[in-house]
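I have placed the structure first, in the form of C-alpha cells, so that the comments after it can refer back to it.
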Protein chains: 2
Amino acid sequence: MTNKKKTTIKDIANVLNISAAAVSKALHNDSRISDKTKKAVKQVAENLNYQPNHLASALRSGKSKLVGVIVPKTNSNFFSSAIHNIEEVLNEKGYNVIITQSNESYEKECKNIDTLLYTQVDGIIASMANETVDLEYFEKIKSAGIPLITFDRGENDLNVDYIGIDDYNSSHLIVNHLVDQGCKRIAHIGGFKRTRIYNNRIKGYVDAIKKHNLSLDEELIIESNLTIEDGRKKMLQLLALKNRPDAVYVAGDYAALGALQILNEQNIAIPNEIALVGFGNEPFTSMVTPTITSVNQHAYNIGRIAAEAFLNYADKNNFSQSLNKIILKAELLVRESSFKKEK
Amino acid sequence: MTNKKKTTIKDIANVLNISAAAVSKALHNDSRISDKTKKAVKQVAENLNYQPNHLASALRSGKSKLVGVIVPKTNSNFFSSAIHNIEEVLNEKGYNVIITQSNESYEKECKNIDTLLYTQVDGIIASMANETVDLEYFEKIKSAGIPLITFDRGENDLNVDYIGIDDYNSSHLIVNHLVDQGCKRIAHIGGFKRTRIYNNRIKGYVDAIKKHNLSLDEELIIESNLTIEDGRKKMLQLLALKNRPDAVYVAGDYAALGALQILNEQNIAIPNEIALVGFGNEPFTSMVTPTITSVNQHAYNIGRIAAEAFLNYADKNNFSQSLNKIILKAELLVRESSFKKEK
DNA sequence: TATATTTGCTTAAACGTTTAAACAAATATA
DNA sequence: TATATTTGTTTAAACGTTTAAGCAAATATA
C-alpha cells in the first residue's frame with residue numbers, strides 16, 4: 001500500500017464548494033456557521049477520513065497541546081503510576097503527553113530537554129536524575145517561557161513548582177516505628193546528600209535519632225546510589241562493623257532488597273536480629289520473603305497535582321513562576337521485615 | 001518571568017541584513033552558502049538563543065521526525081528496556097520517540113493511536129493490549145500511510161512487520177527442562193488463547209507434552225489474564241485437583257509470582273513437590289524466595305530490531321508493508337524454583 | 001575577449017491551519 | 001421605508017520553516 005495524500009480542509013472545501021475557512025470553523029462549531037453547513041462538513045470529513053494536521057494548527061496557534069514529562073526511569077512503580085495520572089488529567093483537557101526517561105543520566109536528561117523544547121511542548125513536568133547537580137539546562141526551560149513543574153526530585157534553587165512528599169517527616173515515622181519495635185542502634189543507607197529528597201531523609205533520620213536519645217554514630221550513616229548491587233555492598237559494610245546495627249533504614253526499595261538478600265544469605269534473622277525498612281513501596285516489597293516495610297509516596301496524588309499545577313499556567317500568556325511547594329504526607333506500610341511479634 | 005517572544009530565523013536574518021532563506025541554509029550547512037556567512041549566522045543564533053521551531057519545519061517538510069511507541073505498560077522490565085533501545089537507535093538517526101501506554105485497555109489503545117496520528121508521527125512501533133481483538137484501529141495506522149511495526153504482541157492478520165521471540169519453541173525448552181528434572185505431570189497456566197503469543201506457548205506446551213508421551217490432561221491447561229491475583233487463583237484451582245501436578249509452567253512472571261505465593265503459604269516444597277517456571281525474566285524472579293526459573297525475551301534486541309525495521313521504511317515515500325516476521329530465540333534461565341538438587 | 005560555470009545570495013511559494021476583517025444577504029428595529 | 005443588526009460566508013494574512021527558481025557577481029574556460 002503506497003501512501004496516499006492526506007485529506008486537508010481544502011479537500012473538504014472543494015467537495016462542498018465553500019472556503020477552507022468555513023470548513024475550519026464548521027469543524028470547531030463556530031456559532032457563525034449554519035447547522036446545515038456544519039453537518040455537511042462533518043459528513044464529508046468523515047467520508048474522506050479527514051485527520052486534522054496538528055503541526056499546522058499548533059504552528060498557527062502557537063500552542064502544541066503537548067506536555068513533556070521527564071522521569072529518571074519508567075521502570076519503577078512510582079514513576080509509571082505518576083505518569084499514568086499525569087496523562088489522565090491532561091488528556092481530559094486536550095493535552096497529549098510525551099514521556100522521556102533520563103536513565104538517571106544528566107547527559108540524557110539534557111538531550112531530553114532539548115528534544116522536548118524542539119518539539120515545542122507547552123510545558124514540562126520533570127523529576128530530576130540522580131546525577132543532576134547543574135541546573136543550567138532546567139533554566140533553559142524557564143527561559144523558553146513555558147511552565148516547568150518538578151516532582152519527587154526537584155531543587156529549591158530552580159524557583160518553580162514542586163510536588164513531593166514530606167521526606168523529613170517520613171524519616172521520623174520510620175525511626176519512631178523502629179524504636180517502637182525495640183531497636184536501639186539504627187543505621188541509615190541513604191541516597192546522595194546533594195539530592196534534596198535524600199538529604200531531607202538524612203536530616204530527618206538524624207533529628208529523630210537525637211529526639212530518641214539514641215547514639216548518633218557516623219559509621220551508621222552511609223551514602224549510596226540505591227541500586228540493588230549497592231544495597232548489597234553497603235549492607236556488607238554494616239555487617240563488618242564491630243558493633244552491628246539492630247535495624248537498617250534504607251532510603252530506596254531496590255537497595256533495601258539488596259540488603260535483604262545479604263541478610264537472607266547470611267542467615268540473619270529479620271526483623272529480630274536486624275530489622276529492615278525501605279522506601280517507595282515498590283510492588284516487590286510485598287512479594288519478597290520477608291515482605292519489606294516501606295513508605296508509600298502516593299504517586300497517584302503526586303501525578304494529578306503536578307498535572308494540575310501545569311494547567312494552572314497553561315493558556316496564561318503572562319505568568320511568573322516561583323518556588324511553590326506542595327508537600328504530601330507519606331504513609332508507612334509496616335510489613336514483616338520490621339514487625340516483631342514478640343519484642 | 002514573562003515569556004519573551006522566541007527567536008526565529010527572521011530575527012537572525014535582520015541582524016545580519018540577509019534573507020531568512022540564507023539563514024535557513026546556513027544553519028543546514030548548504031554548500032552554496034559561504035563559510036563566512038555560516039559562521040556569522042551560527043554566532044548570532046547562539047547569541048539570540050535561537051531554537052528551531054520543529055512545528056514549522058515538520059509542517060513544511062511533511063516529516064515530523066517523531067516516532068510513536070505504544071506498549072501495554074511501561075512498568076515492566078521487558079517493555080521499559082525495549083523502549084530504551086528503541087530510543088537509542090532512533091535518537092541516533094535524529095528521531096524522537098513519543099511513548100504511550102495502553103494499560104492493557106483497547107479503548108486507551110485507540111486513543112493512543114488517535115493521539116499519535118494527530119501528532120503526525122512518522123511511524124508507530126506497537127505492542128498490543130491483552131484486550132485487543134479488533135484490528136480496525138491498527139488498520140487506521142496503515143491507511144494513514146505511515147509504517148507500523150509490531151513487537152512481542154502482534155497479529156498476523158495485520159500484515160506488517162513483527163519482531164518477537166519463538167514462543168512455540170520456548171514452551172519446548174521449558175517442558176524439556178521440567179521433564180529433565182523428573183516431572184511427569186506438568187500444568188500450564190497460559191494467557192488468553194486469542195493473543196497469538198500465548199496461543200503459541202499453549203501449542204508448544206501441548207506438542208512438547210505429546211513428544212514426551214506424557215498425559216495431556218485438559219484440566220491442567222488453564223487460561224488466565226496473568227496478573228498476580230489471577231496467578232494465585234489459578235494455582236489454588238490446580239491444587240484443588242484430585243490429581244495434582246508436579247510442575248506448573250506459567251506464561252507470565254507476575255502470575256508465576258502469585259502461584260509462588262500460594263505454594264509458599266501452603267508450605268508446598270518448591271521445586272521438589274511442585275516445580276515452577278515463569279516467563280519474561282522480570283527482575284523480581286531473581287529476588288524472591290525461591291528464585292523463579294524464567295525465559296529471557298531479549299528486550300534489548302527486540303527494541304533495536306523494531307527500531308531498525310522502522311528505519312527501513314522511513315524516508316521512502318513509496319513503500320509497501322507485508323507480514324515480515326523476525327523471530328528470536330529465547331533463553332531459559334534455570335533458577336531455584338525448578339532445579340532439583342537431588343532428583 | 002567572449003562565453004560558460006560556479007558561487008552566494010534573494011524572491012516567492014508552499015506546508016495546513018486559524019482568525020481578523022470584510023461583506024453581502026437576511027432579518028430585525030424604528 | 002430607511003436603518004441597524006444578525007447571519008453566514010469569503011478573503012487574506014499569518015504561524016516559522018524549507019526549497020525551487022532566479023539572478024548578479026565572481027571565476028573559470030576557450
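Heavy-atom basis, side chains included; hydrogens, waters and symmetry copies ignored. Chain naming here is simple, since letters A, B, ... match the order of the sequence lines and numbering starts at 1 in each.
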Answer with base, sugar-phosphate or nothing: what part of the nucleic acid does A:H54 contact at a heavy-atom distance below 4.0 Å?
nothing
Rounded to whole angstroms, how far apart are [atom1] on [X] and [atom2] on [N]?
X: A:L27; N: D:dG8; atom1: CG; atom2: P; value: 17 Å
X: A:H28; N: C:dT19; atom1: NE2; atom2: C1'; value: 11 Å
X: A:K10; N: D:dT10; atom1: NZ; atom2: P; value: 14 Å
X: B:L55; N: D:dT18; atom1: CG; atom2: P; value: 12 Å
X: A:L16; N: D:dT10; atom1: CG; atom2: P; value: 10 Å
X: A:Y118; N: D:dT17; atom1: OH; atom2: C1'; value: 10 Å
X: B:Q51; N: D:dC15; atom1: CD; atom2: P; value: 19 Å
X: A:L59; N: C:dT18; atom1: CG; atom2: C1'; value: 10 Å

What protein N or O atoms touch nucleotides 26-29 of chain C N or O atoms at under 3.5 angstrom, if any, and at what distances?
none

Is a salt bridge present between A:E87 and B:K108, judged by a nitrogen-to-oxygen distance below 4.0 Å?
yes
Any Lys/Arg nitrogen of B:R153 or B:E104 sitting under 4.0 Å from an Asp/Glu carboxylate oxygen of the other?
yes
Can you tell me if A:E88 has over 12 outside heavy atoms packed within less than 6.0 Å of its CD?
yes
Ignoring hydrogens and angles, state whether a donor on the side chain of B:K42 or B:N29 is under 3.5 Å from an acceptor on the partner side chain.
yes
Which residue lies toward the 5' end of DNA chain D, A:D30 or B:S57, if each is placed at its nearest nucleotide?
A:D30
Look at the side chain of [X] and decide which nucleotide, out of [options], has an atom nearest to it.
X: B:I9; options: C:dT17, D:dT17, C:dT18; value: D:dT17
X: B:N53; options: D:dG16, C:dG16, C:dT18; value: D:dG16
X: B:S24; options: C:dG16, D:dT17, D:dT18; value: D:dT18

Is there side-chain contact between [X] and [Y], with at least one heavy-atom pair below 4.5 Å?
X: A:I327; Y: A:Y162; result: yes
X: B:I146; Y: B:Q120; result: no
X: B:V67; Y: B:V121; result: no
X: B:V89; Y: B:F310; result: no
X: B:Q321; Y: B:I149; result: yes

Give me, pair by pair, the N or O atoms of the protein and of nucleotides 9-13 of chain C that are less than 3.5 Å apart, along with how far apart they are.
from: C:dC9; atom 1: OP1; to: B:T37; atom 2: OG1; distance (Å): 2.5
from: C:dC9; atom 1: OP2; to: B:S34; atom 2: N; distance (Å): 2.8
from: C:dC9; atom 1: OP2; to: B:S34; atom 2: OG; distance (Å): 3.1
from: C:dC9; atom 1: OP2; to: B:T37; atom 2: OG1; distance (Å): 3.1
from: C:dT10; atom 1: OP1; to: B:S19; atom 2: N; distance (Å): 3.2
from: C:dT10; atom 1: OP2; to: B:S19; atom 2: N; distance (Å): 2.8
from: C:dT10; atom 1: OP2; to: B:S19; atom 2: OG; distance (Å): 2.6
from: C:dT10; atom 1: O4; to: B:K25; atom 2: NZ; distance (Å): 2.9

Give me the ring orientation class for B:Y106 and B:Y137: parallel if the planes are under 30° apart, tilted from 30 to 60°, perpendicular past 60°.
perpendicular
In terms of the angle between their ring planes, are A:H54 and B:Y118 parallel, tilted or perpendicular, with boundaries placed at 30° and 60°?
tilted
Check DNA chain C for consecutive Watson-Crick or G-U pairs with both distances under 3.5 Å and list the runs of at least three as stems.
C:1-30 with D:1-30
Does A:Y50 place a side-chain N or O at less than 4.0 Å from the phosphate oxygens OP1/OP2 of C:dT17?
yes
What pair of heavy atoms forms the shortest contact from A:V133 to A:R194, and how long is it?
CG1-CD, 2.9 Å
